[in-house]
Protein chains: 2
Amino acid sequence: MRRLASALRSTPMAVYHHVRDKDELLGLVLEHVARGLPRPELPEQPRERLLAACTLMYRAFLDNPWVVPIVARGDLVGVSAVWVTEEIMAALVALGLDDQHAFRTHQTIWYFTAGQVMSAAHRPGATDGATGQTGEPAPHYVDVAMASRDPAEFPHLARLVGRSRHWEAEYRYADGLGHILDGALPRHDAADGATP
Amino acid sequence: MRRLASALRSTPMAVYHHVRDKDELLGLVLEHVARGLPRPELPEQPRERLLAACTLMYRAFLDNPWVVPIVARGDLVGVSAVWVTEEIMAALVALGLDDQHAFRTHQTIWYFTAGQVMSAAHRPGATDGATGQTGEPAPHYVDVAMASRDPAEFPHLARLVGRSRHWEAEYRYADGLGHILDGALPRHDAADGATP
DNA sequence: ACCTGAACACCGTTCAAGT
DNA sequence: ACCTGAACACCGTTCAAGT
């Protein structure tokens, strides 16, 4: 509130004349962000449509990671962005899930998305990618942990030392999303309806 | 720091004699929580073992949701809890994944876990389950959004109105985790090694 | 070695008052 | 209707000083 006020070259209290409290302000900004979400043509095929809608959601949250905790709180909704949820639900139903399973899968996708955005936001070069050089690249948590542990006691972690950081950077949202969908969607075996 | 100091019936500055700054303190508390993690017997079967290890991790974070943002930051590690990661990696490898895919799947699981804990922590009756009665049960975000929208425009969301809250409460960590594993692990078809 | 008080630069918010 | 200043109850942290 105080920072906003000084950015507006005003006093903190002036803000309170337009807004009840910080939560109301956050709700308004959330709605503003939701309205700014681009709505491109989505693929016709349900699975590609689903991937596109989820990736759009992911990108939007990556661009505005501060909204994640607000949305996670659950009481504030970016009403202008519910079309994304509608698209995801529609695609999940088109792919063979009933309402409840579709909703459940949507929740899994949301938790995964929220978690990844939260992790990605707190990483070097998140927003300030301009600087480029960061000296030596800060050890990964696996390397930190293994530095003071017996490799023989943690053989699988030991095998990650020096490689985990690179692999984590290489991780793509579509990787995890693909796994979730592969696990949640009904399998279409070689022949459609071969097994009733 | 100030709250800690007053809880200790001391001054904020006394704390700074034992600890460099708040981050060092958080690291120490994180390590303390990690050391308090129970280490029960885990099932022998890799998949059950994996589910048990992940659920243990989930429960630990649910009990201490404030550590999630700290762990997500990535620079602080609860070294005494890395055995959970070792167990997860070991089970994933035992289930047929190579190092890189196992690590990738571990990341997916972590993102999902972090996201769900973050969502669950900010829900009514999270820690104060003792109170029990909460009057009328606060509308779900689906209901909030749909209250001001045309049901015809969002048919799939409209079908969730009044049911989504219940379904969200019914959601179990094992649901999403099961989907992730089903999608990430190699399929063992009816006959082992039938298709090379 | 261990602690203190005053101070600085921050928060969100209330209250009484000004135009 | 719109804004202000002073104040309250908070933060993390520095600095000089006390035992």
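Since the structure is predicted, the reported quantities are computational estimates derived from the model, not experimental observations. A note on names: the letters A, B, ... follow the listed sequences, proteins ahead of strands, and every chain is numbered from 1.
Applying the 4.0 Å criterion to OP1 and OP2 of C/dA1, one finds that B/His18 has every side-chain N and O outside that range. Remark: B/Arg3 is in phosphate contact with D/dC11, judged by side-chain N or O atoms under 4.0 Å from OP1 or OP2. At the phosphate of D/dC3, neither OP1 nor OP2 sits under 4.0 Å from any side-chain N or O atom of A/Ser10. One finds no side-chain N or O of A/Thr11 lying less than 4.0 angstrom from the OP1 or OP2 phosphate oxygen of D/dC3.
The distance from atom CG of A/Leu25 to atom C1' of C/dC11 is 15 Å, rounded to the nearest whole Å. One interatomic measurement links the two molecules: CG of A/Leu8 to P of D/dT4, which rounds to 11 Å at whole-angstrom precision. Distance A/Arg20 CZ to C/dC15 P: 15 Å, rounded to the nearest Å. Between A/His17 atom NE2 and D/dC2 atom P the separation is 6 Å, expressed in whole Å. Rounded to whole Å, atom P of D/dT4 lies 13 Å from atom CZ of A/Arg9. Residue B/Leu4 contributes atom CG, which lies 16 Å from atom P of D/dC10 at whole-angstrom precision.
Below 30°, between 30° and 60°, or above 60°: for A/Phe112 and A/Tyr173 the angle between ring planes is below 30°, a parallel geometry.
Each of D/dA1, D/dT14, C/dT13 was ranked by its minimum atom distance to the side chain of A/Pro12; first place goes to C/dT13. Here the side chain of B/Tyr16 is nearest to one of D/dG12, C/dC3, D/dC2, namely D/dG12. Across C/dC2, C/dG5, C/dT13, the shortest atom-to-atom separation from the side chain of B/Met13 is found for C/dG5. Considering only side-chain atoms of A/Arg2, the nucleotide from C/dC11, D/dT13, D/dA1 that sits closest is C/dC11.
Nucleotides D/dA9 and C/dC10, compared at atom C1', are 13 Å apart to the nearest Å. Comparing the C1' positions of C/dA16 and D/dC3 gives an interatomic distance of 13 Å, to the nearest angstrom. Across D/dC11 and C/dC8, the matching C1' atoms stand 12 Å from one another, rounded to whole Å.
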*Just do the side chain to side chain donor-acceptor pair (under 3.5 Å) check on B/His140 and B/Ser164 with the steps written out, would you?*
CA-CA 7 Å; B/His140 197 245; B/Ser164 60; 2.8 Å; yes
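Using modelled atom types and a 3.5 Å distance limit, the side chains of A/Asp182 and A/His179 yield no donor-acceptor pair.
In a base pair of the Watson-Crick type (N1 to N3 plus N6-O4 or O6-N4) or a G-U wobble (N1-O2 and O6-N3), with each distance short of 3.5 Å, D/dC10 is matched with no nucleotide. Pair check for C/dC15 finds D/dG5; Watson-Crick or G-U wobble, both atom distances under 3.5 Å.
Residue A/Gln45 places its CD atom among 12 or fewer non-hydrogen atoms of other residues, nucleotides or ligands, all under 6.0 Å distant.
Contact annotation for A/Met1: backbone-only contact, meaning every heavy-atom pair under 4.0 Å involves sugar-phosphate atoms and none involves a base.
Taking the six-membered ring for Trp and the full ring otherwise, the centers of A/Tyr111 and B/Tyr171 sit less than 6.0 Å from each other.
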